[in-house]
Amino acid sequence: QVQLVDSGGGLVQAGSSLRLSCTASGRAFGTYIVAWFRQAPGKDREFVAVLSGGGVVTDYADSVKGRFTISRDKAKNTVYLQMNTLRPEDTALYYCAAGWSYSDRASAYDNWGQGTQVTVSL
């Protein structure tokens, strides 16, 4: 098990950038598969991006491809989600999740951060 802390959210204008951080406790975090999900009010939690344990393989939701990048800094026990060219429809509570299955399904992940709010205005 790892404890995850999400941070970096905020209120920004459309077209801006934000970088979310997911910092973990636990020495084995570098080997976990880590994903980002988001949930807007009244909507289901949806997949955003996933990063393999080795930090080489990534996958993204179609809605964020070309704008978001997931990466890992093993020395800092942190996974990042760089979000560029933000749109109002990106507004949501963003969560990181860690597990052992490379998946876009929330049920595949056992460890979750508390979430960080991203709000994008026109």
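For this chain, numbers begin at 1 and follow the sequence in order.
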Set of side chain to side chain contact (heavy atoms under 4.5 Å, CB included) partners for S25, sequence neighbours left out: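 Side chain to side chain contact (heavy atoms under 4.5 Å, CB included) list for S25, sorted by chain: Q3.
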
Applying side chain to side chain contact (heavy atoms under 4.5 Å, CB included), can you list everything that pairs with S7, at least two apart in sequence or on another chain?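 For S7, the residues satisfying side chain to side chain contact (heavy atoms under 4.5 Å, CB included) (neighbours in sequence not counted) are S21.
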
Does anything in residues 1-43 form a disulfide (SG to SG under 2.5 Å)? List the pairs, not counting sequence neighbours.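 Sorted result for residues 1-43: C22-C96.
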
Does NZ or CZ of R105 fall inside the cone over F47's six-membered ring, less than 6.0 Å from its centre and within 45° of the axis?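 Judged by the rule, R105 and F47 form no cation-pi pair.
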
Any side-chain heavy-atom pair from Y109 and V34 closer than 4.5 angstrom?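 Not in contact.
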
Okay, side chain of N111, backbone of A98: is any donor-acceptor separation there less than 3.5 Å?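 Yes; at least one donor-acceptor contact below 3.5 Å.
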
Please work out which of the three classes, parallel, tilted or perpendicular, describes the rings of W112 and F37, given edges at 30° and 60°.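 Correct class here is tilted.
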
Quick one: ring pair (Phe, Tyr, Trp, His ring centres under 6.0 Å) partners of Y94, sequence neighbours excluded?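 Partners of Y94 under the ring pair (Phe, Tyr, Trp, His ring centres under 6.0 Å) test: none.
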
Establish whether V2 and L20 are linked, either directly or via other cluster members, by ILVMFWY side-chain heavy-atom contacts under 4.5 Å.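 They do share one cluster, since a chain of ILVMFWY contacts under 4.5 Å joins V2 to L20.
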
What residues, two or more places apart in sequence or in another chain, satisfy salt bridge (Lys or Arg N to Asp or Glu O under 4.0 Å) together with K65?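 Salt bridge (Lys or Arg N to Asp or Glu O under 4.0 Å) list for K65, sorted by chain: D62.
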
Any residue meeting salt bridge (Lys or Arg N to Asp or Glu O under 4.0 Å) with R67, in chain and number order, not counting sequence neighbours: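 Result, salt bridge (Lys or Arg N to Asp or Glu O under 4.0 Å) vs R67: D90.
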
How close do G10 and L18 get, heavy atom to heavy atom, and via which atoms?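 Nearest pair, atom of G10 first, then L18: N-CD1, 4.0 Å.
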
